[in-house]
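Before any comments, here is the structure.
Below, read A as the first sequence line, B as the second, and so on, with proteins coming before strands; counting in each chain starts at 1.
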Number of protein chains: 2
Amino acid sequence: MSANSRLTIAAHALAWIGLYQRQGHEVATSEQIATSANTNPVVIRRLLGELRRAGLVESRRGVGAGWSLARELESMTLLDVYEAVEPGPLFAMHRTTPDQGCVVGHGIQPAMQSIYEGIEETLRHELARVTLADVLRDVLAAPR
Amino acid sequence: MSANSRLTIAAHALAWIGLYQRQGHEVATSEQIATSANTNPVVIRRLLGELRRAGLVESRRGVGAGWSLARELESMTLLDVYEAVEPGPLFAMHRTTPDQGCVVGHGIQPAMQSIYEGIEETLRHELARVTLADVLRDVLAAPR
DNA sequence: GCAGTCGTAACAGTAGAGGTTGCAACAGTC
DNA sequence: GACTGTTGCAACCTCTACTGTTACGACTGC
């Protein structure tokens with residue numbers, strides 16, 4: 001499927017900011033988050049930018065700038081994050097239009113479309129069941 | 001997510017072979033299926049090769065060669081096809097190991113791994129609910 | 001004005017999907 | 001035994017998306 005790590009990194013960043021804020025800090029920098037996720041600050045800024053457009057985080061510029069949560073972790077679900085960072089559908093149709101003169105070529109796309117929509121709806125439902133507070137709780141529960 | 005069309009094309013091919021066999025033919029060629037799917041025969045042969053390794057189809061060589069179903073469409077589910085053509089997980093972890101000295105960096109992977117496993121199990125369950133006979137029925141039910 | 005951070009563009013590297021060509025292997029038929 | 005049609009498969013190309021990296025302007029508190 002050529003899976004990507006966008007949802008994972010986004011959840012990592014949100015959990016990090018949430019924990020940091022619980023420890024009394026106001027804003028987290030992309031540099032700090034990138035160090036924890038072992039990646040480049042620009043990667044974090046790009047992802048957080050998408051989360052900002054989705055209303056999940058806010059950013060401040062200038063000296064003492066950085067990122068903060070726009071909502072409580074309890075009110076954020078993995079579905080919110082998924083929709084913010086994963087635009088496309090899970091399964092793709094044919095890259096070129098199938099032969100419309102063939103019965104199968106004609107009917108396959110509406111058939112699969114309908115099936116895929118049901119499956120994606122279930123996926124979204126599952127993602128919506130997990131809040132970022134759940135994620136942070138699980139993170140902190142990991143054995144050391 | 002950079003979705004691919006492998007599951008769609010594989011389902012298309014199976015539905016095509018199934019319908020062709022119902023019409024009394026013994027084997028279908030990759031050329032015929034490729035024409036219906038509007039793609040290259042080699043693409044079809046590659047996909048059907050994976051389905052053959054999964055025990056869903058059989059191939060004959062020589063003159064009058066081609067592909068036939070190894071099982072009834074009724075006993076084949078989209079999960080069988082999915083497992084045959086989509087090896088990897090739905091969501092990827094970090095490409096590099098997160099900072100194990102950080103609480104979040106240390107706990108994020110087991111936390112997300114567990115969540116992802118639950119979600120993928122639900123996905124598989126949904127895929128298993130749809131048989132290829134269902135797909136072919138929906139295909140034939142499409143308005144013309 | 002300075003310093004620290006975001007915002008964003010630009011580019012490179014990597015990986016996978018999909019398309020294409022070419023050809024050996026195979027198995028029927030003449 | 002030659003011919004024919006198809007699979008099996010390797011090799012290569014193109015395209016796209018993700019990720020990483022560098023660079024630099026924009027912003028804002030001091």
- Message: On DNA chain C, compare the nucleotides closest to B:Arg60 and B:Arg45; which residue's is nearer the 5' end?
- Response: B:Arg45

- Message: Between B:Ser30 and D:dT7, is there a contact of a side-chain N or O with OP1 or OP2 at under 4.0 Å?
- Response: yes

- Atom-to-atom span, CG of B:Leu47 to P of C:dG18 - whole angstrom: 7 Å

- Message: Below the 4.0 Å mark, does D:dT19 have OP1 or OP2 next to a side-chain nitrogen or oxygen of A:Thr39?
- Response: no

- Would you kindly check whether a donor in the side chain of A:Arg95 faces an acceptor in the base of C:dG18, or vice versa, at under 3.5 angstrom? no

- Message: Within the supplied structure, the quantity of interest is the number of heavy atoms (other residues, nucleotides, ligands) at a distance under 6.0 Å from A:Arg60 CZ; does it exceed 12?
- Response: no

- Task: Return the nearest nucleotide to the side chain of B:Ser5; candidates are C:dG22, D:dT22, C:dG18.
- Result: C:dG18

- Interatomic distance where CG belongs to A:Leu51 and C1' belongs to C:dC6 [whole Å]: 15 Å

- A:Asn4 vs D:dC18: side-chain N/O to OP1/OP2 distance below 4.0 Å: yes

- Presence of B:Arg6 side-chain N/O under 4.0 Å of C:dG16 phosphate oxygens OP1/OP2: no

- Earlier contact from the 5' end, DNA chain C, for A:Glu31 and A:Val63: A:Val63

- Check if the side chain of A:Arg46 and the base of D:dG20 share a donor-acceptor pair of N or O atoms closer than 3.5 Å. yes

- Over 12 non-hydrogen atoms of neighbours within 6.0 angstrom of CZ in B:Arg129: no

- Message: Are the side chains of B:Trp67 and B:Val27 in contact, using a 4.5 Å heavy-atom criterion?
- Response: no

- Message: Rounding to an integer number of Å, can you tell me how far A:Glu50 CD sits from C:dC6 P?
- Response: 16 Å

- Item | Whole-Å distance separating the CD atom of B:Gln32 from the C1' atom of D:dT6 | 11 Å

- Task: Report yes if a side-chain nitrogen or oxygen of A:Thr29 is closer than 4.0 Å to either non-bridging phosphate oxygen (OP1 or OP2) of C:dG4; otherwise report no.
- Result: no

- Query: Between the base of C:dC6 and the side chain of A:Arg61, is there any donor-acceptor pair under 3.5 Å?
  - Reply: yes

- Task: Please work out if A:Gly66 contacts a base, only the sugar-phosphate, or nothing of the nucleic acid, heavy-atom cut-off 4.0 Å.
- Result: sugar-phosphate

- Atom-to-atom span, CD1 of A:Ile44 to P of D:dG20 - whole angstrom: 9 Å

- Walking DNA chain D from its 5' end, the first of B:Trp67 and A:Gly64 to be reached, judged by nearest nucleotide, is B:Trp67

- Message: Is it true that, when you exclude A:Gln23 itself, more than 12 heavy atoms of the residues, nucleotides or ligands shown sit nearer than 6.0 Å to its CD?
- Response: yes

- Query: Got a sec: does the CD of B:Glu74 have more than 12 other heavy atoms crowding it under 6.0 Å?
  - Reply: yes

- Task: Specify the separation, in whole Å, of atom CG of B:Asn40 and atom P of D:dC12.
- Result: 18 Å

- What is the distance, rounded to the nearest whole Å, between atom CZ of B:Phe91 and atom P of D:dC18? 13 Å

- Task: Look at the aromatic rings of B:His12 and A:His94 and report parallel, tilted or perpendicular, splitting at 30° and 60°.
- Result: perpendicular

- Query: To the nearest angstrom, how far is A:Glu58 atom CD from C:dG7 atom P?
  - Reply: 12 Å

